[in-house]
Protein chains: 2
Amino acid sequence: MSVTARGSLAEALSLRGIRLTRQRRLLLEVLDNAPGHLNARELLQAARRTDPTIDRATVYRTLHLLKTGGLVDELDLLHLEGEEHYYERRRTGDHVHLGCPQCGTISEFETDLVLELSQEVARREGFTATGIRIEVRGICKACSEAQVG
Amino acid sequence: MSVTARGSLAEALSLRGIRLTRQRRLLLEVLDNAPGHLNARELLQAARRTDPTIDRATVYRTLHLLKTGGLVDELDLLHLEGEEHYYERRRTGDHVHLGCPQCGTISEFETDLVLELSQEVARREGFTATGIRIEVRGICKACSEAQVG
DNA sequence: GTCGTGAATGCAACTGAGTCGCAACTGATG
DNA sequence: CATCAGTTGCGACTCAGTTGCATTCACGAC
């Protein structure tokens with residue numbers, strides 16, 4: 001349950017010579033345990049439930065750190081939920097975000113096509129992908145079934 | 001060269017019962033003739049070269065209209081060039097944006113994998129894609145060649 | 001052509017995400 | 001435990017994007 005128990009994020013930080021402060025540990029924990037995608041405001045709110053003194057600027061600075069370190073991915077989820085950015089822990093399996101504007105649901109989908117795409121980009125363009133973001137907008141199964149009957 | 005000559009955007013608007021005002025015609029023309037991707041501020045600046053009285057609010061309202069009408073796609077280009085959104089005319093061929101943080105170049109890449117992806121999403125999830133956005137971050141050919149020698 | 005009307009515009013004030021400078025504090029290291 | 005560069009909290013700031021409202025305009029009816 002704690003980040004230090006799971007290890008990787010905190011370890012990755014200290015490996016990069018980044019100081020592990022109380023605030024960073026807390027933010028990592030919140031990100032790790034979040035059920036869905038969080039934006040900066042939600043991350044701040046959640047963190048303040050544990051440490052009410054943590055500041056907005058710290059959240060932004062930490063997110064920036066995690067982004068450039070490749071530990072967290074920044075998404076906007078097709079602006080289905082708002083204009084802000086959302087953040088998620090970077091995982092090993094690349095995945096696609098599916099957003100349905102009708103019900104507002106964001107789901108995830110894993111497919112080898114993501115890997116194939118980065119390979120094709122490398123083969124045909126000589127472009128070495130370090131990160132890939134795929135967001136699909138459309139009508140989810142539940143909504144299309146509800147529409148038909 | 002003019003939007004009305006090319007037709008589709010302006011036509012598509014009037015088909016939807018959307019009034020074709022002087023300002024909208026101008027914005028469509030600018031978008032159509034733009035060499036790369038424009039953000040709202042750049043679009044405003046470019047439009048003001050022709051009509052100095054056009055307002056920021058009109059630009060945002062028009063972009064919103066074009067987005068929801070599916071005539072324009074909104075991108076953030078992995079925030080390589082800034083935190084704002086960028087806009088491009090929606091075309092028939094789906095394409096992928098390749099962004100290189102080292103040189104700041106955004107290039108485009110067409111591949112059947114985009115179509116395959118939307119088909120796989122439909123087959124495996126029952127999700128009917130209406131729009132798809134793929135942004136790849138990585139090292140472009142020029143930069144990796146420059147690095148090696 | 002001109003008229004009437006609802007839609008669109010310009011303007012100015014506002015909201016809220018994200019940034020920055022700085023003084024106070026603190027985690028890692030010896 | 002002393003040191004100090006890196007980090008935090010704070011408050012002020014920037015700027016993208018929105019909104020309410022009075023004025024203007026596109027466009028169909030006549």
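Quick note on labels: first sequence line is chain A, next is B, and so on, each numbered from 1.
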Exercise. For Thr21(B) and dA26(D), is the shortest distance between a side-chain N/O and OP1 or OP2 below 4.0 Å?
Worked result: no

Exercise. Do Arg61(A) and dG18(C) have a side chain to base donor-acceptor pair shorter than 3.5 Å?
Worked result: no

Exercise. Atom CG of Asp55(A) to atom P of dA24(C): distance rounded to whole Å?
Worked result: 17 Å

For this session: May I ask you to verify if any side-chain N or O of Tyr60(B) is less than 4.0 angstrom from the OP1 or OP2 atom of dT18(D)?
Result: no

For this session: Keeping the roles fixed (side chain from Glu145(B), backbone from Ala142(B)), state whether a donor-acceptor pair exists under 3.5 Å.
Result: no

For this session: Quickly work out the Asp76(A) CG to dG18(C) C1' distance and round it to whole Å.
Result: 16 Å

Problem set entry | 4.5 Å side-chain heavy-atom contact, Gln23(B) and Arg61(B) | no

For this session: Take Arg22(A) and Arg22(B), find for each the nucleotide of DNA chain D with the closest heavy atom, and name the residue whose nucleotide sits nearer the 5' end.
Result: Arg22(A)

Exercise. So, is Gln23(B) close to the dG10(C) phosphate, meaning a side-chain N or O under 4.0 Å from OP1 or OP2?
Worked result: yes

Seminar exercise, completed: Heavy-atom closest pair (Arg133(B) atom, Glu74(B) atom, distance to 0.1 Å) is NH1-O, 2.7 Å

Exercise. For the pair made of CD in Glu84(B) and P in dT14(D), what is the distance, rounded to whole Å?
Worked result: 17 Å

Seminar exercise, completed: Regarding the side chain of Ile18(A), the nearest nucleotide among dC11(C), dG17(D), dT7(D) is dT7(D)

For this session: Kindly say whether Leu44(B) contributes a backbone atom to a donor-acceptor pair with the side chain of Arg56(B) at under 3.5 angstrom?
Result: no

For this session: Check whether any side-chain nitrogen or oxygen of His85(B) sits under 4.0 Å from OP1 or OP2 of dG17(D), and answer yes or no.
Result: yes

Exercise. Under 3.5 Å, is there a donor-acceptor pair between the Glu135(A) and His97(A) side chains?
Worked result: no

For this session: Return the value, rounded to whole Å, for the distance between atom CG of Leu27(B) and atom P of dG10(C).
Result: 9 Å

Seminar exercise, completed: Separation of dA8(C) atom P from Arg24(B) atom CZ, nearest Å, is 5 Å

Exercise. Ignoring hydrogens and angles, are the base of dG9(D) and the side chain of Arg56(A) linked by a donor-acceptor pair under 3.5 Å?
Worked result: no

Exercise. To the nearest angstrom, how far is Arg19(B) atom CZ from dG6(C) atom P?
Worked result: 10 Å

For this session: Using atom CZ of Arg25(A) as one end and atom P of dG6(D) as the other, report the distance to the nearest whole Å.
Result: 20 Å

Exercise. Atom CZ of Arg41(A) and atom P of dT15(C): how far apart are they, to the nearest Å?
Worked result: 16 Å

Problem set entry | 5′-ward residue of the pair Glu74(A)/Arg48(B) relative to DNA chain C | Arg48(B)

